[in-house]
A.B. asks: 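Provided herewith is a single structure, encoded as structure tokens, for subsequent inquiry.
Everything quoted here is computed from the prediction, not taken from an experiment.
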There are 2 protein chains.
Amino acid sequence: MTSTESPIRLLLADDHPVVRAGLRAVLETEEDFEVVADTATAEGAVDLAARLDLDVVLMDLQFGGALHGAQATAEITAREGAPRVLVLTTYDTDADILAAIEAGATGYLLKDAPPEELAAAVRTAAAGKSALAPTIALRLMDRMRTPATALSRRETEVLQLVADGLSNAQISKRLFLSQATVKSHLVHIYSKLGVDSRTAAVAAATTRGLIRR
Amino acid sequence: MTSTESPIRLLLADDHPVVRAGLRAVLETEEDFEVVADTATAEGAVDLAARLDLDVVLMDLQFGGALHGAQATAEITAREGAPRVLVLTTYDTDADILAAIEAGATGYLLKDAPPEELAAAVRTAAAGKSALAPTIALRLMDRMRTPATALSRRETEVLQLVADGLSNAQISKRLFLSQATVKSHLVHIYSKLGVDSRTAAVAAATTRGLIRR
DNA sequence: TGCGGCATCAACCGAAAGGTGGAGTATCGG
DNA sequence: CCGATACTCCACCTTTCGGTTGATGCCGCA
């Protein structure tokens, strides 16, 4: 496997210094990888991706600051001749995964991945092929298989307010609806999520990443 | 500061290979640190802490497996001549912090801490002194200042189950209580949080970091 | 053009949750 | 020992929520 090819040039974007150091340590043991730079912010990632000649950006989703990793991913991939973006995060909620893929991410990995899997994914991404962690692939399949899990826009809106702690009466006022309509939406939400109470719906939707927390 | 003392002997316990590598990389640049071993499980941490001669254990709270970091911490610190345990986690909820401290942790750090802070905390912990991240210290101060916001252990337990989507009946069975008791706890919780429904309580407690997730 | 999904609303019933008041036990610190 | 807190439980009442049935208008897609 010893190659004379030019190495795969990487950028690491993660707000945790420890994680950046860990990725560097893990990836630099690979002969064909070269970690060109790292950054603690999403803004920094966008900036560096534009100026450096990169093959793959390893991007976290959760940054301490304002800009989200998914938005940064969208900005990076929007450019001509942009590097591939490989999302590397702790969470595996539907919302995160879909947002990342829609933003143009080439792959989606979880931080608990073993080093070999990580290296393999980087090579896959560098080659322009999609790299999904097994867990993620499964979750996507699940989503396709049961489209009932997908809430409508209005339903999501209602459920979000429920999660914020509002009563049906408060929700109806907020959205200019009758309470009957709110209840109607909730009934549909319950059946889609397979639950039978507002708190259970919030719990289910949260773990599936259907709503913000 | 160059010391001829014996080095501070460390154990790293974290289920993320990348984080372990990162901690190793960061800590081994310090002259007076020696990373003796690392482990991916809480069980492994308990085992190694008993057999190796250690000064400080760096312990994550969230492990993929069954045993929780706080429980492992309790088991480790229960022994005679046990090493200090420094909790290093991503989350900073009241529940996690208190559980860790009650379990006998000497310090509590967040993973986004810069390397210098991390090294300083390890030395502080090795000396047997308490090492808290500024964020954590603030949160604890807050808790002291407004004891009304502080939920009791039992109340937190009940509220966590509410957040998980359980009904009063389910909670009463789970905790071997009557429904009257569950309702009683909830009434107290509502008044402490200044809300008047279970969903609002969950929302309030979540934003204040009183419960997980 | 008709079917289905979405969004809207009404009326009704039973069940769950919330509100009030009281009360007994246990523990801990002053 | 006393007082405060936490934890447990009971009874009664009111309000909210959940479940059902049924109905209307709109939009997109086949």
A.B. asks: Please state whether the phosphate of dG19(D), meaning OP1 or OP2, lies under 4.0 angstrom from any side-chain nitrogen or oxygen of Tyr190(A).
C.D. replies: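 Looking at the OP1 and OP2 atoms of dG19(D), neither is under 4.0 Å from any side-chain N or O of Tyr190(A).
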
A.B. asks: Taking atom P of dT16(D) as reference, at what distance in whole Å does atom CG of Leu186(B) sit?
C.D. replies: 18 Å

A.B. asks: What is the distance from CG of Asp196(A) to P of dA17(C), rounded to the nearest Å?
C.D. replies: 10 Å

A.B. asks: Output yes when a side-chain donor or acceptor of Gln170(B) lies under 3.5 Å from a complementary backbone atom of Ser167(B), and no otherwise.
C.D. replies: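 Side chain of Gln170(B) to backbone of Ser167(B): a pair is present.
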
A.B. asks: Between dT5(D) atom C1' and Arg154(B) atom CZ, what is the distance in whole Å?
C.D. replies: 15 Å

A.B. asks: More 5' along DNA chain D: Ala169(A) or Glu155(B), using each one's nearest nucleotide?
C.D. replies: Glu155(B)

A.B. asks: Among the nucleotides dC17(D), dA6(D), dA17(C), which one has an atom lying closest to any side-chain atom of Lys192(B)?
C.D. replies: dA6(D)

A.B. asks: What is the separation between atom NZ on Lys183(B) and atom P on dG21(C), rounded to the nearest whole Å?
C.D. replies: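 After rounding, the reported distance stands at 15 Å.
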
A.B. asks: So, do Leu109(B) and Val87(B) sit near enough that their side-chain heavy atoms are less than 4.5 Å apart?
C.D. replies: no

A.B. asks: 5'-most contact on DNA chain C: His185(A) or Thr199(B), nearest heavy atom basis?
C.D. replies: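 Nearest nucleotide further toward 5': that of His185(A).
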
A.B. asks: Want to settle it: does Ala180(B) or Ser184(A) sit nearer the 5' end of DNA chain D, counting the closest nucleotide to each?
C.D. replies: Ala180(B)

A.B. asks: Determine whether Lys111(B) and Asp14(B) satisfy the following criterion, salt bridge (Lys or Arg N to Asp or Glu O under 4.0 Å), listing intermediate values before the conclusion.
C.D. replies: CA-CA 11 Å; Lys111(B) 278 186 185 167; Asp14(B) 196 303; 3.0 Å; yes

A.B. asks: Whole angstroms only, please: what is the CD-P distance between Gln179(B) and dG19(C)?
C.D. replies: 16 Å

A.B. asks: Take atom CG of Asn168(A) and atom P of dG19(D), then tell me their distance rounded to the nearest Å.
C.D. replies: 12 Å

A.B. asks: Please tell me if Ser178(B) has a side-chain N or O lying less than 4.0 Å from either OP1 or OP2 of dT8(D).
C.D. replies: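 Looking at the OP1 and OP2 atoms of dT8(D), neither is under 4.0 Å from any side-chain N or O of Ser178(B).
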
A.B. asks: With a 4.0 Å limit, can you tell me whether Thr181(A) has a side-chain N or O closer than that to the phosphate oxygens OP1/OP2 of dA7(C)?
C.D. replies: no

A.B. asks: Hey, does Glu157(B) have a side-chain heavy atom less than 4.5 Å from the side chain of Leu175(B)?
C.D. replies: yes

A.B. asks: Quick check against the 3.5 Å criterion: does Ser184(A) have a side-chain atom that pairs as donor or acceptor with the backbone of Ala180(A)?
C.D. replies: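 Looks like no, no N/O pair under 3.5 Å.
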
A.B. asks: Quick check on contacts: within residues 170-177 of chain B, what sits under 4.0 Å from DNA chain D by heavy-atom distance?
C.D. replies: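 Leu177(B) - these, ordered by number, are the residues of the stretch whose heavy atoms sit under 4.0 Å from the strand.
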
A.B. asks: Using whole Å, report how far NE2 of His188(B) lies from C1' of dA17(C).
C.D. replies: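 These atoms are roughly 16 Å apart.
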
A.B. asks: What integer distance in Å separates Leu166(B):CG from dA16(C):C1'?
C.D. replies: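 The answer, rounded to whole Å, is 14 Å.
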
A.B. asks: Is Arg20(A) salt-bridged to Asp15(A), cutoff N-O under 4.0 Å?
C.D. replies: no

A.B. asks: Check for a donor-acceptor pair, side chain of Tyr108(B) on one end and backbone N or O of Leu88(B) on the other, with a separation under 3.5 Å.
C.D. replies: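 Not a single qualifying donor-acceptor pair exists.
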
A.B. asks: At under 4.0 Å, does any side-chain N or O of Arg198(A) touch on OP1 or OP2 of dG18(D)?
C.D. replies: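 For Arg198(A), the contact criterion (side-chain N or O under 4.0 Å from OP1 or OP2 of dG18(D)) is met.
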
